[in-house]
Visitor: 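The following block contains the structure, expressed as structure tokens.
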Amino acid sequence: MKFAPFKIENFFRQHEFSAPYGISQSDTEPLTLAELLTYASPERREQFEKLWLGYTETQGHPELRASVAGLHAGVDADDVIEVVPEEGVFLPMNSLLNAGDHVVVMHPSFQSLWEIARATGCELSFWHQRRSEDGWHFDVDELEGLLRPNSKMLIINFPHNPTGYLPHHADFERIVELARKHDLILFSDEIYRFTEQDERLRLPSACELYERAIVLGGLSKCFGLPGLRVGWLITRDASLSHELQEMKSYTTICGSAPSEILALIALENWGALTKRSIDIVKGNISYCREFFGRFSDLFWLSYPKCGTITLAELKADMPVAEFAEAVVAEQGVMVLPAEVMLFEGNYFRLGLGRTTLPHALEPFEQFIIDHFS
């Protein structure tokens, strides 16, 4: 199996740790270890400090799996498999898909959500996002037209990366019913779930609605803990779970013992940590409305109601890839062109989760003044 170059990861490998500033990160401001430990109960703190650094359980720490299950209705700890977040994409695509299978996937989306299926020899149909005056959306009628008698998997991602789009409850339930009608495996990337600025917008998890759903979640985005490398897959289908666990024996086998205890601390304080992230995003949206409002002739933005990112259009003759290359070279600001996510148009991704965003927009503004004033 030969994979195409992972464009977004190659981009971040080049710029993420060398550019002094960034405005395109997809996570929220990461906590320090000391900050996370302030949330720990005395018992958890002692457990962490006296931790035995041996192998851990392949499916994941029982208490950790129980904590994840507790965030979902009708889910048991046995339905949860602890994974490294990207592993959570790799396992289902490799263990459940075969050459010739038909797969429907949202576009744009994180490259591995469809690239692994393509490399396996699957036939892909892309469910494209559409832009309107109100922002971005996905048409469920269009999705229904893409499904075929031989369709095997539907891959969705809500809140959506890179637009933050979230469907209405009725549309989401219709998506799930389409998966049920066609007896599809529904892979639901919910890594940005719990970042809804209004809790009433939060969708049920796909695993709560459909037995053949596989849900990907984790601590990287809305918990501000990407360095723990802790994620999870949830499915109530025992046969699917078995296949996933069999494949895991060929990847990580088991998780990191320290990360599991730190993840437990996070999940036991999930409300406080997600509120912290939402507050950062809301503050940055307020700041960006004023900032980009001063350059409305140069940029178009749609601000999300959930998630940590959005797409911004550069309304200039300069191609956005050239813009991004120039701004990092001249001002040290990393800007991710949307074409790195294989999305056409003069767009770049704007990350709203870092506390450093207002500071990063200062040299970004200087570049605008130098080139467009």
Visitor: The criterion is ring pair (Phe, Tyr, Trp, His ring centres under 6.0 Å); which residues satisfy it with F110, sequence neighbours excluded?
Guide: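 F110 satisfies ring pair (Phe, Tyr, Trp, His ring centres under 6.0 Å) with F6 once adjacent residues are dropped.
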
Visitor: Looking at E325, I'd like to know if its CD atom is crowded, meaning that more than 12 non-hydrogen atoms belonging to other residues, nucleotides or ligands lie closer than 6.0 Å.
Guide: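 No, not enclosed.
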
Visitor: Apply side-chain hydrogen bond (donor to acceptor under 3.5 Å, both in side chains) to residues Q245 and S249 and explain how you reach the verdict.
Guide: CA-CA 7 Å; Q245 292 183 64; S249 297; over 6 Å; no

Visitor: Give the intermediate values and the outcome of side-chain contact (heavy atoms from CB on, under 4.5 Å) for residues F187 and L97.
Guide: CA-CA 12 Å; F187 183 86; L97 295 176; over 6 Å; no

Visitor: Taking atom NE2 of H168 as the centre, does the number of heavy atoms from other residues, nucleotides or ligands within less than 6.0 Å exceed 12?
Guide: no

Visitor: Output a table of donor-acceptor pairs, distance under 3.5 Å, between side-chain atoms of residues 290-298 and any protein atom two or more places apart or on a different chain; print 'none' if there are none.
Guide:
unit_1	atom_1	unit_2	atom_2	d
E290	OE2	R294	NE	2.9
R294	NH1	E365	OE2	2.8

Visitor: Are Y21 and H359 an aromatic pair, judged by ring center distance below 6.0 Å?
Guide: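 For H359 and Y21, the ring centres are under 6.0 Å apart.
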
Visitor: Looking at side-chain heavy atoms only, is the closest gap between P30 and R354 below 4.5 Å?
Guide: yes

Visitor: Show which side-chain atoms of residues 169-176 pair as donor or acceptor with protein atoms under 3.5 Å away, not counting sequence neighbours.
Guide:
unit_1	atom_1	unit_2	atom_2	d
H169	NE2	R202	O	3.0
R174	NH1	D141	OD1	3.0
R174	NH2	D141	OD1	2.5
R174	NH2	E144	OE1	3.0

Visitor: With a 3.5 Å cut-off and no angle check, do the side chains of N10 and Q14 form a donor-acceptor pair?
Guide: no

Visitor: For the NZ atom on K275, are there more than 12 heavy atoms of other groups (residues, nucleotides or ligands in this structure) within a distance under 6.0 Å?
Guide: no

Visitor: Indicate the ring-plane relationship of F323 and F372, choosing parallel, tilted or perpendicular according to the 30° and 60° boundaries.
Guide: tilted

Visitor: I'd like to know if D76 pairs up with R65 as an ion pair, taking the criterion as any Lys NZ or Arg NE/NH1/NH2 lying under 4.0 Å from an Asp or Glu carboxylate oxygen.
Guide: no

Visitor: Can S112 and E86 be counted as having a side-chain donor-acceptor contact under 3.5 angstrom?
Guide: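 The criterion, which ignores hydrogens and geometry beyond distance, is satisfied for E86 and S112.
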
Visitor: Check whether any side-chain heavy atom of K248 sits under 4.5 Å from a side-chain heavy atom of L244, and report yes or no.
Guide: no

Visitor: Can the ring centres of W127 and Y165 be said to be less than 6.0 Å apart?
Guide: no

